[in-house]
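Just so you know, these numbers use all the heavy atoms, side chains as well, and skip hydrogens, waters and symmetry mates. These numbers were taken from a predicted model, which means no experiment stands behind them.
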Amino acid sequence: QVQLVESGGGLVQAGGSLRLSCAASGRTFSTSAMGWFRQAPGKEHEFVAGISWTGGTIDYATSVKGRFTISRDNGKNTGFLQMNSLKSEDTAVYYCALSNLLSRWRHEYTYWGQGTQVTVSS
């Protein structure tokens, strides 16, 4: 069974930065695409960024492109989401997830973490 644990969330002022981490157990991580999603209160899950298992293909939501950077270290079974120039609309619970293929669709992802809260004050 794969377990994902996110960390690095918190409260930050608008314009600030946070780095989220996603630590995975098991051998599945290094052969899986990884995605980051977020869910704001009263809203649906939203795709934020995704990275293929090799790291060679990366996709970003338009709303975060140029501000967020997704990366992974397969040797450490850990993924990252560097978030810069944060805005109040980035406030949400952020989740990492694993899939067989890089996708923007939530239902394509099999394993999910418990989420970490990111709050951006304006």
Determine whether Ser63 and Glu46 make a side-chain contact, defined as any pair of heavy atoms from C-beta on separated by less than 4.5 Å. yes

If hydrophobic clusters are built from ILVMFWY residues whose side chains come within less than 4.5 Å, do Val2 and Leu20 share one? yes

Donor-acceptor contact present, side-chain Ser85 to main-chain Arg67, <3.5 Å: no

Could you check whether any side-chain N or O of Tyr111 sits under 3.5 Å from a backbone N or O of Gln1, counting only pairs where one atom can act as donor and the other as acceptor? no

In chain order, what residues pass the side-chain contact (heavy atoms from CB on, under 4.5 Å) check against Val120, with sequence neighbours excluded? Val12, Ala14, Leu86, Asp90, Thr91, Val118

After noting the C-alpha distance and the side-chain angles of Ile51 and Trp36, does the key distance pass the side chain to side chain contact (heavy atoms under 4.5 Å, CB included) rule? CA-CA 9 Å; Ile51 185 169; Trp36 285 94; over 6 Å; no

For Thr54, does its backbone N or O pair with a side-chain atom of Asn74 as donor and acceptor, under 3.5 Å? no

What is the minimum heavy-atom distance between Leu4 and Gln114, and which atoms define it? O-OE1, 3.5 Å

Looking only at non-hydrogen atoms, find the nearest pair between Ala49 and Leu81 and report the distance. CB-CD1, 4.2 Å

Only one of Trp105, Tyr95, Tyr109 passes ring pair (Phe, Tyr, Trp, His ring centres under 6.0 Å) with His45; say which it is. Tyr95

Would you check if the side chain of Gln82 reaches a backbone N or O of Arg19 as a donor-acceptor pair within less than 3.5 Å? no

Using 0.5 Å steps for rounding, measure from the OH atom of Tyr94 to the OG atom of Ser7. 15.0 Å

If I take atom SG from residue Cys22 and atom CG from residue Leu98, how far apart are they, to the nearest 0.5 angstrom? 6.5 Å

For Asn100, look at atom CG and say whether over 12 heavy atoms of other residues, nucleotides or ligands are found less than 6.0 Å away. no

Tightest non-hydrogen contact, residues Ala92 and Gln117, listed as O-NE2, 3.4 Å

Do Trp53 and Ser32 touch side chain to side chain, with heavy atoms closer than 4.5 Å? no

Are Val64 and Val93 grouped together when hydrophobic residues (ILVMFWY) are joined by side-chain heavy atoms under 4.5 angstrom apart? no

Does any part of the side chain of Thr69, heavy atoms only, come nearer than 4.5 Å to the side chain of Tyr60, both counted from C-beta? yes

Considering only residues two or more places apart or on different chains, which pairs with a residue in residues 98-119 satisfy salt bridge (charged side-chain N to carboxylate O under 4.0 Å, His left out)? Asp59-Arg104

Within the supplied structure, the quantity of interest is the number of heavy atoms (other residues, nucleotides, ligands) at a distance under 6.0 Å from Glu89 CD; does it exceed 12? yes

For the residue pair Thr78 and Phe29, establish whether any side-chain heavy-atom pair is separated by less than 4.5 Å. no

Is the shortest heavy-atom distance from the side chain of Arg72 to the side chain of Cys96 under 4.5 Å? no

As an exercise, state the distance from CE of Met34 to CD1 of Ile58, rounded to the nearest 0.5 Å. 9.0 Å

Return the orientation label for the Phe47 and Phe37 ring planes: parallel under 30°, perpendicular over 60°, tilted otherwise. perpendicular

